[in-house]
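Worth knowing before you read on, the calculation uses all heavy atoms, side chains too, and leaves out hydrogens, waters and symmetry mates.
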Number of protein chains: 2
Amino acid sequence: MKTSADVYVAACPSRVALELIASKWTLLILPALAEKKRMRNNELMRRIGGVSQKMLTQTLRDLERAGLVLRIDHKTVPPWVEYGLTPLGRSLSRTLTSLDRWVEKHQAELNGGAR
Amino acid sequence: MKTSADVYVAACPSRVALELIASKWTLLILPALAEKKRMRNNELMRRIGGVSQKMLTQTLRDLERAGLVLRIDHKTVPPWVEYGLTPLGRSLSRTLTSLDRWVEKHQAELNGGAR
DNA sequence: ACAAGTACGCACCTTTTGGTAACTATGAAA
DNA sequence: TTTCATAGTTACCAAAAGGTGCGTACTTGT
């Protein structure tokens, strides 16, 4: 079903981009990748913590499609795949990192999200 | 069902905060509120566009509970309710606004989120 | 012969998100 | 007396997000 909101969003490309970026995983993955030039799947999992293999892969693919993340597959067995940021991704990661840092710094002042 | 990810998140308060902030609506509402000291429900709806009454109210309540948004109910009929930012909200909105601006500026370089 | 290691893809299922529509309150105006 | 306005709330429903478990490929070490 197509709602009026869909029509609006379709007419406004930045909304599509915003939804990609406004994801918990994107907000964690990009800053994580910014810490090192290249990182493997395993390492990303450990750094981020709490992310499932499925979501990590899925988000990385979305980011790759968007042109923010680079995927380097060495085509070996066992698999050796590295991820890095494109220049665009590096640019965005600067803003996201500052957002992450804000959250870390002010989390104590925020009342817990308990409903 | 409680998964291992839940346990992790519970142990890490900044994750809870991040999930509140990593919402499409939060990313739009806070910067919108930053443009004016006080704003009414109707005006927010128009400024943001594409948000339903339900989601707007719900997100505003979450943000209020977190201490980012101020809700001033004049208790009149018809209702007159205004929203504004707390100092903490104003502080966060600066980072979010810069994120919004990044998206606007670079949306053309981003490949559409089409799957 | 067999297990380990890596980065997945897929199927199945539950939970969360979010939309729509209908309902609420109440004083003022027509 | 009926209508309007505003800012909700609620119930119901569809869609999307996201978890778990299983299968896969192939090489190297035991």
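Protein atom CE of B:Met45 is 15 Å distant from nucleotide atom P of D:dA5, rounded to whole Å. At whole-Å resolution of the value, CE in B:Met39 and P in D:dA7 are 13 Å apart. Between the CE atom of B:Met55 and the C1' atom of D:dA7 there is a distance of 16 Å, rounded to whole Å. Summarising the geometry, the separation between NZ on A:Lys24 and P on D:dG18 is reported as 6 Å, rounded to the nearest angstrom. If you measure from atom CD of B:Glu43 to atom C1' of D:dA7, you get 15 Å, rounded to the nearest angstrom. B:Leu27 has its CG atom 15 Å from the P atom of C:dT17, to the nearest Å. Atom pair B:Glu64:CD and D:dA7:P shows a separation of 15 Å (rounding to whole Å applied). One interatomic measurement links the two molecules: NE2 of B:His74 to C1' of D:dA7, which rounds to 13 Å at whole-angstrom precision.
Residue B:Arg38 qualifies as open at atom CZ: its count of foreign heavy atoms under 6.0 Å is 12 or below.
Between the side chain of A:Thr76 and the backbone N or O of A:Pro79 there is no donor-acceptor pair closer than 3.5 Å. When atom types are taken as modelled, the side chain of A:Ser93 and the backbone of A:Leu30 share no donor-acceptor pair closer than 3.5 angstrom.
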Polar atoms only, N or O, under 3.5 Å: list the protein pairs with nucleotides 2-6 of chain C and their distances.
| residue | atom | partner | partner atom | Å |
| --- | --- | --- | --- | --- |
| C:dT6 | O3' | A:Arg40 | NH2 | 3.0 |
| C:dT6 | O3' | A:Pro79 | O | 3.1 |

Any protein N or O atoms within reach of nucleotides 9-12 of chain D? Criterion: under 3.5 Å, listing atom names and distances.
| residue | atom | partner | partner atom | Å |
| --- | --- | --- | --- | --- |
| D:dT9 | OP1 | B:Arg61 | NH1 | 2.8 |

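Axis angle, first five pairs versus last five pairs of the helix from C:dA1-D:dT30 to C:dA30-D:dT1: 20°, rounded to 10°.
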### Query
Is there a side-chain contact (heavy atoms from CB on, under 4.5 Å) between A:Leu20 and A:Thr59 once you walk through the steps?
CA-CA 9 Å; A:Leu20 169 65; A:Thr59 310; 5.8 Å; no
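Counting only heavy atoms from C-beta outward, the side chains of B:Met39 and B:Leu44 approach each other to under 4.5 Å. Using a 4.5 Å cut-off on side-chain heavy atoms (C-beta onward), A:Ser52 and A:Met55 make contact. No side-chain heavy atom of A:Asp73 sits less than 4.5 Å from a side-chain heavy atom of A:Glu82.
Comparing D:dG19, C:dG19, D:dA7 by their nearest atom to the side chain of B:Trp25 picks out C:dG19.
Salt-bridge annotation for A:Lys36 and A:Glu43: present, with a side-chain N of the basic residue lying under 4.0 Å from a carboxylate O of the acidic one. We find that B:Arg47 and B:Glu35 are joined by a salt bridge, their nearest charged nitrogen and carboxylate oxygen being less than 4.0 Å apart.
The one candidate from B:Gln53, B:Arg61, B:Lys54 that meets the side chain to side chain donor-acceptor pair (under 3.5 Å) condition with B:Thr57 is B:Gln53.
What you find for A:Trp25 and A:Gly50 is that their closest heavy atoms are CH2-O, 3.5 Å.
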